[in-house]
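The structure under discussion appears below in the form of structure tokens.
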Amino acid sequence: MDESVTFTDVEAARDRLDDESVVKRTPVERSTSLDELTGGEVSLKMEHLQWTGSFKTRGAYNKISQLVADGTVERVVAASAGNHAQGVALAATKLGIDATIVMPTAAPQAKVDATRGYGARVELVGQDFQAAMDHARGLVEDDATAFVHAYDDPAIVAGQGTLGIEMCEDCDADTVVVPIGGGGLISGIGTAVSELAPETRVVGVQAEGAATVPDSLDKGMPVTLDSVNTIADGIATGGVSELTLSLIDEHVDEVITVTDGEITRAVLLLMERAKQVVEGAGAASVAALLSEDLDVEGERVLALLCGGNLDMTMLRTVLIHALTDREQILRLRVRITDRPGEMGELSSLIADHDANIRHVRHDRSVPELAVGEAYLVFEIETSGAGHARTVIRSIRDHGYEVSHENA
Ligand SMILES: Cc1ncc(COP(=O)(O)O)c(C=O)c1O
């Protein structure tokens, strides 16, 4: 197989994927909330609504259907902690061959269950993704078994590129914004956009704690990170490949990075304003639109929401972070005389302002306290920063010393 990808390959992939039960055409919707926040005219490609919750079935099906057509392969193997696992599982089941997916032992149970639910055999091996990958490669012992890489494969890239065709057909954008992990997604989309809308700017987005593309482009070779640190696990690959780096170099105009704080805010904004549940990697495009580093004022923009598999533990983390940020959850440390009734008095004061107490505890062993004094630490819920200030002022007005810290 030719080791690069052309628009012809992407068109051929689209023909193979012409089955709504494998890949559906996901909608493009306008977002007036994001218009206001960016000064642009923003649309969202809702690929998080794809079967399996991400675009990954596109590449996997394109790859596996060619293996099946060749006639020698009876089984595929892949390593993944998330979306690629589900994409390969569904594609293999649809094409009638066995799939074994190796996941790290700590993979969230919901993702393991979903992958099994799509018909794959799951092996839980290794502490991290690399260990799972080494084990998966070891399972390829004969010609009847093929390894399906998550991004370093022209067939995977071409399959992801079918999204680029849809994006060009459904939106006449000045700029498209696409998250980058291993680079398969943006390589495919870039290949399609360069052909169909050569004037359109293609912007890639990486999580700051897993950003490898800027350095790799500078050095002219893939740079890998020993460890990655981001809540956006879908784009935490820690490296691109020679194939994807060369396609990024050819088709992508700009690559920017976003922090986990920006990603968290984007996840929340999409939930609150657009009513969409999108995982961190999927929301990175919107995080980029909201960041200082990308100016889309006056432009028509299409941001790709590429995944919706936000697990519940991550959702809780995102919510607590955001609520704390907005002072809808906060901790108040109040210095009291340690005698009966003080806690009741303060609790009533807080309740009088309709703030809800989540937890309360006494701190007595604090060096700065005089004998007979204590701190009461309340974790409370408010409706926002203004409400929080009213509660604090009222406690102060009743003669207490109070400080405020993040919960
Ligand atoms: C939701 C989501 N977005 C983006 C990506 C990045 O894709 P790629 O690794 O092809 O760059 C992934 C990869 O797993 C993903 O799951």
Side-chain angles (χ1 to χ4, degrees), residues 5 26 44-60 62-63 78-89 101 103 107-108 111 114-115 129 132-133 148-164 176-191 202-207 210-213 216 222 224-225 228 230-241 243-245 247-248 251-252 255 257-258 263 266-267 270 276-288 303-311 314:
V5 180
T26 48
L44 302 170
K45 170 69 171 168
M46 320 280 260
E47 183 69 3
H48 63 297
L49 302 178
Q50 188 53 261
W51 307 125
T52 78
S54 89
F55 63 94
K56 285 286 185 177
T57 323
R58 294 175 185 264
N62 188 45
K63 171 73 182 174
S80 165
N83 292 332
H84 180 56
Q86 295 177 49
V88 171
I101 313 290
M103 295 174 125
K111 293 197 173 169
T115 305
F129 178 70
M133 180 81 141
V148 181
H149 198 281
Y151 55 87
D152 187 21
D153 185 320
I156 294 286
V157 170
Q160 323 302 30
T162 59
L163 248 177
V176 296
V177 190
V178 180
I180 308 179
L185 175 63
I186 199 164
S187 294
I189 290 176
T191 303
V202 179
V203 177
V205 188
Q206 290 209 288
T212 54
V213 174
S216 301
T224 47
L225 293 173
V228 289
T230 172
I231 59 158
D233 54 346
I235 49 174
T237 45
V240 291
S241 67
L243 169 71
T244 56
L245 184 63
L247 289 164
I248 290 170
H251 299 299
V252 177
V255 177
T257 58
V258 289
I263 293 173
V267 169
L270 285 164
Q276 301 299 323
V277 177
V278 177
E279 64 183 275
S285 54
V286 169
L304 175 62
L305 309 183
C306 39
N309 293 320
L310 182 63
D311 80 79
M314 188 61 82

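First listed ligand is number 1; within each ligand, the first listed atom is number 1. Note that the coordinates shown come from a computational prediction; the quantities given were computed from them, not determined experimentally.
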Could you list, one pair per line, each nitrogen or oxygen of ligand 1 together with any protein nitrogen or oxygen closer than 3.5 Å, giving atom names and the distance rounded to 0.1 Å?
residue, atom, partner, partner atom, Å
ligand 1, 9 (O), Gly182, N, 2.7
ligand 1, 10 (O), Gly184, N, 2.9
ligand 1, 10 (O), Leu185, N, 2.8
ligand 1, 11 (O), Gly181, N, 2.8
ligand 1, 11 (O), Gly182, N, 3.2
ligand 1, 11 (O), Gly183, N, 2.7
ligand 1, 14 (O), Lys56, NZ, 3.4
ligand 1, 14 (O), Gly234, O, 3.1
ligand 1, 16 (O), Asn83, ND2, 2.7

Acceptor/donor pairs from residues 179-189 side chains to any protein atom, 3.5 angstrom cut, sequence neighbours excluded:
residue, atom, partner, partner atom, Å
Ser187, OG, Gly183, O, 2.6
Ser187, OG, Thr244, O, 3.4

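- In this structure a side-chain-to-backbone donor-acceptor pair under 3.5 Å is missing from Gln50 to Phe55.
- For the pair Ala85 and Met103, the tightest heavy-atom approach, listed with the atom from each and the gap, is CB-CE, 3.8 Å.
- Considering only heavy atoms from C-beta on, Val277 stays 4.5 Å or farther from His48 through its side chain.
- Considering every non-hydrogen atom in both Glu279 and Asn309, the closest pair reads OE2-N, 2.9 Å.
- At least one donor-acceptor pair under 3.5 Å links the side chain of His84 to the backbone N or O of Val148.
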